[in-house]
Colleague: 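Structure in structure tokens, see below.
Both ligands and their constituent atoms are indexed starting at 1 by order of listing. Keep in mind that this is a model prediction, so the values were computed, not measured. If you read the sequence from its start, that first residue is 1, and numbering goes on from there.
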Amino acid sequence: MAVFSASGVTKKVGEEIARIAGADFFEIVPEKIYTDDDLNWMNKQSRSSIEMNDLSSRPKIAGTVSDMDSYDKLIIGFPIWWGVAPRIIDTFLESYDLSGKTIIPFCTSGGSGVGRSDEELHKDVSGSVKWKKGVQINRPDEALVKKWLDEVL
Ligand SMILES: Cc1cc2nc3c(=O)[nH]c(=O)nc-3n(C[C@H](O)[C@H](O)[C@H](O)COP(=O)(O)O)c2cc1C
């Protein structure tokens, strides 16, 4: 499992999902951590606003998954930013050869559903990949997470 979390919500949910699934956990840490000012969506000039207005923005990631080849399934978690996944998720997906894997997205959000945030990511991955439909999981209810994992893993 790989998770990006700017303010901790997705990380907490992801850690719980990883525990239930028995999955390894990798946090997608930006080279430059997002400050509160960076995350201010009211400000059109904030870092997050500028990145989300630029489809080609690819914020750099500190660290890599060294043994990506050894996994055949990848759960990827992210917060919804302006209806879609933060651009750093595009950076992550474009950084690896994921062909042959099953990719299982989940998101947290302030209210929006997963929408097209998962499908928007399909373009980042070449080769034959099996995408599962993304889900929104704002709180990790163990029974619901188990049911979901049974369906997707
Ligand atoms: C820049 C920015 C844009 C956001 N846009 C949305 C949005 O479009 N819809 C929504 O429901 N929540 C939105 N949110 C709220 C986050 O998705 C939500 O708080 C999420 O759980 C944060 O996860 P994190 O703590 O892992 O970063 C936005 C938050 C930020 C910082």
Colleague: Could you check F92, Y34, F78, F26 and say which one makes a ring pair (Phe, Tyr, Trp, His ring centres under 6.0 Å) with F4?
Modeller: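 The single option meeting the ring pair (Phe, Tyr, Trp, His ring centres under 6.0 Å) with F4 is Y34.
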
Colleague: Is any side-chain heavy atom of K73 closer than 4.5 Å to a side-chain heavy atom of T102?
Modeller: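 In contact.
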
Colleague: Taking any residue with a non-hydrogen atom under 4.0 angstrom from an atom of ligand 1, which ones do you get?
Modeller: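 Residues S5, A6, S7, G8, V9, T10, L39, W41, S48, P79, I80, W81, W82, G83, T108, S109, G110, G111, S112 each place a heavy atom under 4.0 Å from ligand 1, listed by chain and number.
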
Colleague: Please indicate whether K123 has more than 12 foreign heavy atoms, meaning atoms of other residues, nucleotides or ligands, lying under 6.0 Å from its NZ.
Modeller: yes

Colleague: Which residue pairs pass the ring pair (Phe, Tyr, Trp, His ring centres under 6.0 Å) test when at least one of the two sits in residues 100-127, sequence neighbours left out?
Modeller: H122-W131

Colleague: Examine the side chains of S112 and S109 and answer whether a donor and an acceptor come within less than 3.5 Å of each other.
Modeller: no

Colleague: Testing the 3.5 Å rule here: is there a donor-acceptor pair between the side chains of D24 and Y71?
Modeller: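 Distance-only check passes for D24 and Y71.
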
